[in-house]
Structure formats: structure tokens, C-alpha cells
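Written below as C-alpha cells is the structure these notes are about.
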Amino acid sequence: DLAIGHFPVAVAALTADGPSTGLRHEHLYDSRYVCVMRQGHPLVQRDLTLDAYCEADHLLVSFSGRPHGLMDQALAALGRRRHIALTVNQFFTAGRLVTQSDLLTVLPARFVAATGYAGQLVTRELPFAMDPVAVHLLWPVRLDSDAGQRWMRGQLVHATRRDDAA
């Protein structure tokens, strides 16, 4: 959708493969992954051990619709699995559902505020190692020279740099 112009820009975590053909990108920042749960979740009062993490029900944010993610690959390398009870495609939706359930989700730490529910959520460090996520700004090549597009990209880059300084 981005490459064909349905969206002017996107902010996304890129895999090692980089963006699709037809897209440009600029690195915005790196962020660590955190486990996110509602205030009052039973695990808020306990240590988040690997066993507790794997035994919990999880909400997966998957833009592609795949039923597994990077956390599942990391857990598989440890010979472990988690139960994904629900998959959604937006951080906002994830935040809302987590505030109303005992589901856990994993988000880049800087994305927690984007859920719109940060005040109702608790974050915990993951009980296993994960590399930081590189977050990039993406846009269609055909809009690379568009003045309005360049202005909007500049504003987004400036906003993320300002967050770094805070």
C-alpha cells in the first residue's frame, strides 16, 4: 500500500532485508523491546520470569498478518513457546486490548506512548535477550522530490530527534 501511494509515509521496524523495492527509508532511532501489560495484571506483582512469560496469553502485533513474530523466533532458539491468543495489526488496538485483559504484548519501548494508553500500562524487561529494533521512516521513491512530502518527512525526523533529546 505504501509503495503504490495509499499512504504517504510509514514509520516501521525493518528487518535485515530492508524496505521493499520502490521505497526509500531513513533510520529514525533504535529502541529496545519491552513486555507490556495492564496495571493490575497478575504479573505486575511478580518477577517476569521466562516461565511466567511463556505461560501467559499473548497479543501479537503483526502488520503482515503472520501468526508469529521475532519473539517467537527468539523463544524457539531457547526451546520455548508462548501462546498467542490474539493478533492485531495496530499498536493502538494492542494498547486498548491489553488494558482490558490479562494479555501480554511486546512493543518497542518508544511505541508504548503511541498506543494512547501508556498511563494504563506497565512495562517490564523481557526475560530473554532481544536485539534492539531499528525504526525507520519509509516513503515511496516517486515522492522523494515532492516538496510537501519532504517537509512532512523533515517534521517526523525532527520530532523523533527532539524525543531523543528529552
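Position 1 is the first residue of the sequence, and the numbers go up from there.
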task = Please tell me if the side chains of Thr160 and Leu156 come closer than 4.5 Å, counting only heavy atoms from C-beta onward.
result = no
message = I'd like to know if the side chain of Gln39 and the backbone of Gly119 have a donor-acceptor N/O pair within less than 3.5 Å.
response = yes
message = Counting only heavy atoms not in Asp47 (residues, nucleotides, ligands), do more than 12 fall under 6.0 Å from its CG?
response = no
query = Given the rule that I, L, V, M, F, W and Y join up when any side-chain heavy atoms are under 4.5 Å apart, are Leu86 and Leu60 in one cluster?
reply = no
Neighbour count >12 (heavy atoms, 6.0 Å) for atom CD, Gln45 = no
ask   = So, does Arg38 use its side chain to make a donor-acceptor pair with the main chain of Val122 at under 3.5 Å?
value = no
note = Heavy atoms of Asn89 and Val61 approach each other most closely as C-CG1, 4.3 Å
request  = Output yes when Asp131 and Arg32 qualify as a salt bridge under the 4.0 Å nitrogen-oxygen rule, no when they do not.
outcome  = no
query = Is a donor on one side and an acceptor on the other found under 3.5 Å between the side chain of His58 and the backbone of Thr105?
reply = no
query = Taking the six-membered ring of Tyr29, is NZ or CZ of Arg110 closer than 6.0 Å to its centre and within 45° of its axis?
reply = yes
ask   = Taking it one step at a time, do Asp72 and Arg81 satisfy salt bridge (charged side-chain N to carboxylate O under 4.0 Å, His left out)?
value = CA-CA 7 Å; Asp72 303 291; Arg81 297 180 53 169; over 6 Å; no
task = Please work out whether the ring planes of Tyr117 and Phe92 are parallel, tilted or perpendicular, with thresholds of 30° and 60°.
result = tilted
Expected output: side-chain His41 to main-chain Leu43 donor-acceptor under 3.5 Å = yes
key: Heavy-atom pair of closest approach, residues Tyr33 and Pro108   = CD2-N, 3.9 Å
query = Does any non-hydrogen side-chain atom of Arg82 lie less than 4.5 Å from one of Met71?
reply = yes
message = Between Asp144 and Arg150 (salt bridge meaning N to carboxylate O under 4.0 Å), is one present in this structure?
response = no
Inter-residue atom distance Trp139.CH2 - Leu23.CG, 0.5 Å rounding = 9.5 Å
inquiry  = Return the CD to CD distance between Gln120 and Gln100, rounded to the nearest 0.5 Å.
reply    = 8.5 Å
request  = Decide yes or no for His27 and Leu137: does some side-chain heavy atom of the first lie under 4.5 Å from some side-chain heavy atom of the second?
outcome  = no
request  = Mark yes when over 12 heavy atoms from residues, nucleotides or ligands other than Arg124 sit less than 6.0 Å from its CZ; otherwise mark no.
outcome  = yes
key: Sub-4.5 Å side-chain heavy-atom contact between Leu126 and Cys35   = yes
inquiry  = Determine whether Thr123 and Leu121 satisfy the following criterion, side chain to side chain contact (heavy atoms under 4.5 Å, CB included), listing intermediate values before the conclusion.
reply    = CA-CA 7 Å; Thr123 62; Leu121 299 171; 5.7 Å; no
query = Any side-chain heavy atom of Asp30 sitting closer than 4.5 Å to one from Val135?
reply = no
request  = First locate atom CG of Leu104, then atom CG of Leu48, and finally report the distance between them rounded to the nearest 0.5 Å.
outcome  = 7.0 Å
task = Rounded to the nearest 0.5 Å, what's the gap from CG on Leu103 to CE on Met37? Could you check?
result = 11.5 Å
ask   = Is Leu50 close to Leu78 at the side-chain level, that is, under 4.5 Å between some pair of heavy atoms?
value = yes
Cluster link Val106 to Val133, ILVMFWY, side chain under 4.5 Å = yes
Inter-residue atom distance His68.NE2 - Ser62.OG, 0.5 Å rounding = 8.5 Å
From CD1 (Ile84) to CG (Asp57), nearest 0.5 Å = 10.5 Å
key: Minimum-distance pair of heavy atoms, taken over all atoms of Ala118 and Ala113   = CB-CA, 4.1 Å
request  = Might you point out which heavy atoms bring Ala109 and Ser31 nearest each other, and give the distance in Å?
outcome  = N-OG, 3.2 Å
task = Decide side chain to side chain contact (heavy atoms under 4.5 Å, CB included) for Arg80 and Tyr53; before the verdict, give the C-alpha distance in whole Å, the side-chain angles of both, and the deciding distance to 0.1 Å.
result = CA-CA 10 Å; Arg80 303 298 296 266; Tyr53 178 87; over 6 Å; no
